[in-house]
Amino acid sequence: MPSALPDGEPVPADGALPASALAGAADRPLGFYLHVPYCATRCGYCDFNTYTATELRGTGGVLASRDNYAQTLTDEIRLARKVLGDDPREVRTVFVGGGTPTLLAADDLVRMLGAIRDEFGLAPDAEVTTEANPESVDPAYLATLREGGFNRISFGMQSAKQHVLRILDRTHTPGRPEACVAEARAAGFEHVNLDLIYGTPGEGDDDWRASLRAALGAGPDHISAYALIVEEGTQLARRIRRGEIPMTDDDVHADRYLIAEELLSAAGFDWYEVSNWATSDAGRCLHNELYWRGADWWGAGPGAHSHVGGVRWWNVKHPGAYATALASGRSPGAGRELLSDEDRRVERILLELRLREGVPLSLLKEEGLAASRRALGEGLLEEGPYEEGRAVLTLRGRLLADAVVRDLVD
């Protein structure tokens, strides 16, 4: 089941932000994340805030129905307009995630995007992405999205091997994600991503190579490759605990990452974030970069998180509670926190170190600088950028990114 929300102070009923959050807003990019919490089935490894029809039955009433969801989300977009007041910014990025956004009708996704366009306006070069399950789209669906303003799409591929998909409880058949890339290209999508997962129990090195080669053969301009994380409370965690399947160790994850770097770089993909590769700067996911660089985004939907000017807040998780709040004219916010300057410094290091451009050494305190010099000597940071005042991870550093970050934030 979905993980718990963090603690925080109450969100005002009208969602109002402190004046400090809006100061200087015009100089920061603004994005929107739209969360669609519905899934046809629950994957065994997933602890995202998602719900199947069975899980919602009898708990949310008509307000939790996906048939009404586009209107409910539009209500929060209108609330965002009220909260941000006369903020002049056009929206730079929109990302529809889930869940499975493509369980909604394509017209519903276009309608949600239209609400953002009507309330805020979209920048002329705005990036507009939706995630998609390969089995829930067809050429007509993709054509409707493209005509409605979506210009980037991300397909959940995970693996090309049936036995790996079976462990993950994925419902699509091998080969379908690759076919979706061709259909998306035919519909006019310039930017297409495939998501892969490595380190699934029962996956071998050759299985992982086959998945990478299948993804590359499909012709996307972006590939994300994430190590499988076994979250407590998931079906996969229970199966591992019962001894039904083995846990994959960190050394296997490291080997799989090196295989990914080898094959992707040979195919013309460059890493720009530890888990993301693109064929060009234009192929990078601007919305995710907005997160990694601490810009402003409004997260609409159950359990969605937002950040504006150092204020971070999160919505109630259940679709029924979310819809009820909006229907009664209240913010669906469940809690929020005001980030201190130190919080924001630490978060910049945590997030920006994962990027190809790295993090300015000027953000590090004395102990962090000493740690950075040790990391440089150990081959975890690149020498050239370091001499220019930036900490940039080497390939070996990417394998140990979490440990490097812990040292640098001291």
Side-chain angles (χ1 to χ4, degrees), residues 1-19 21-22 30-39 42 47-85 87 91 94-101 103-105 108-109 111-120 296-339:
M1 293 299 291
S3 56
L5 289 171
D7 295 325
E9 65 179 39
V11 174
D14 63 358
L17 292 170
L22 301 178
L30 174 65
F32 261 83
Y33 171 73
L34 308 181
H35 186 66
V36 178
Y38 307 108
C39 280
R42 179 170 294 281
D47 77 334
F48 294 164
N49 189 47
T50 61
Y51 302 84
T52 65
T54 300
E55 290 168 340
L56 285 176
R57 188 171 296 133
T59 64
V62 67
L63 290 178
S65 169
R66 71 190 196 199
D67 294 336
N68 303 329
Y69 192 69
Q71 180 57 53
T72 302
L73 204 76
T74 294
D75 290 342
E76 188 177 359
I77 293 167
R78 290 172 178 160
L79 172 68
R81 177 72 279 175
K82 293 177 182 177
V83 170
L84 296 179
D87 186 327
V91 172
V94 179
F95 194 104
V96 187
T100 307
L103 282 182
L104 299 183
D108 282 349
L109 299 187
R111 179 182 176 188
M112 288 151 49
L113 176 61
I116 294 174
R117 185 186 292 111
D118 292 344
E119 296 294 336
F120 290 88
D296 289 352
W297 71 90
W298 189 291
H305 288 233
S306 303
H307 172 266
V308 174
V311 178
R312 182 163 50 217
W313 71 95
W314 45 91
N315 287 343
V316 295
K317 297 189 72 170
H318 195 279
Y322 169 78
T324 298
L326 287 166
S328 63
R330 293 182 290 108
S331 165
R336 76 180 187 185
E337 60 182 337
L338 179 61
L339 303 176

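Bear in mind that the values here come from a model prediction, so they are computed numbers and not experimental data. Residues: numbered from 1 along the sequence shown.
- To the nearest 0.5 angstrom, Asp108 atom CG is 10.5 Å from Leu73 atom CG.
- In terms of heavy-atom proximity, Pro319 sits nearest to Pro302 at CA-CG, 3.8 Å.
- Heavy atoms only, all atoms of each residue included: Ala300 and Glu76 are closest at CA-OE1, 3.2 Å.
- Using bins of under 30°, 30° to 60° and over 60° for the plane-to-plane angle, the ring pair Tyr322/Tyr69 lands in the tilted bin.
- Checking side-chain atoms of Ser306 against main-chain N and O of Trp298 turns up no donor-acceptor pair under 3.5 Å.
- Looking only at side-chain heavy atoms (C-beta outward), Trp313 and Val308 come within less than 4.5 Å of each other.
- To the nearest 0.5 Å, atom CE of residue Met112 and atom CZ of residue Phe32 are 11.5 Å apart.
- In this structure, the separation between CG on Leu30 and CH2 on Trp297 is 11.0 Å, given to the nearest 0.5 Å.
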Open item on the list: What verdict does the side chain to side chain contact (heavy atoms under 4.5 Å, CB included) test give for Leu34 and Ile116, after you've listed the backbone C-alpha separation in whole Å, the side-chain angles of each residue and the deciding distance to 0.1 Å?
Closed with: CA-CA 10 Å; Leu34 308 181; Ile116 294 174; 4.0 Å; yes
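- Nearest approach of Leu103 to Arg66, heavy atoms of both residues: CD1-NH1, 3.8 Å.
- Of all the heavy atoms in Ser331 and Asp14, the pair that sits closest is CB-C, 4.3 Å.
- Closest of all the heavy-atom pairs between Tyr33 and Gly98 is OH-N, 3.6 Å.
- Side-chain atoms of Arg81 come within 3.5 Å of backbone atoms of Glu119 as a donor-acceptor pair (strictly under, hydrogens ignored).
- Rounding to the nearest 0.5 Å gives a distance of 8.5 Å between CG of Asp296 and CG of Leu84.
- In terms of heavy-atom proximity, Gly99 sits nearest to His35 at N-CE1, 4.3 Å.
- Expressed to the nearest 0.5 Å, how far NE2 of His305 lies from CZ of Arg312 amounts to 8.5 Å.
- Here CG of Asp118 is found 11.0 Å from CZ of Arg111. Values are rounded to the nearest 0.5 Å.
- Counting heavy atoms from C-beta outward, Pro332 and Leu79 have side chains that approach closer than 4.5 Å.
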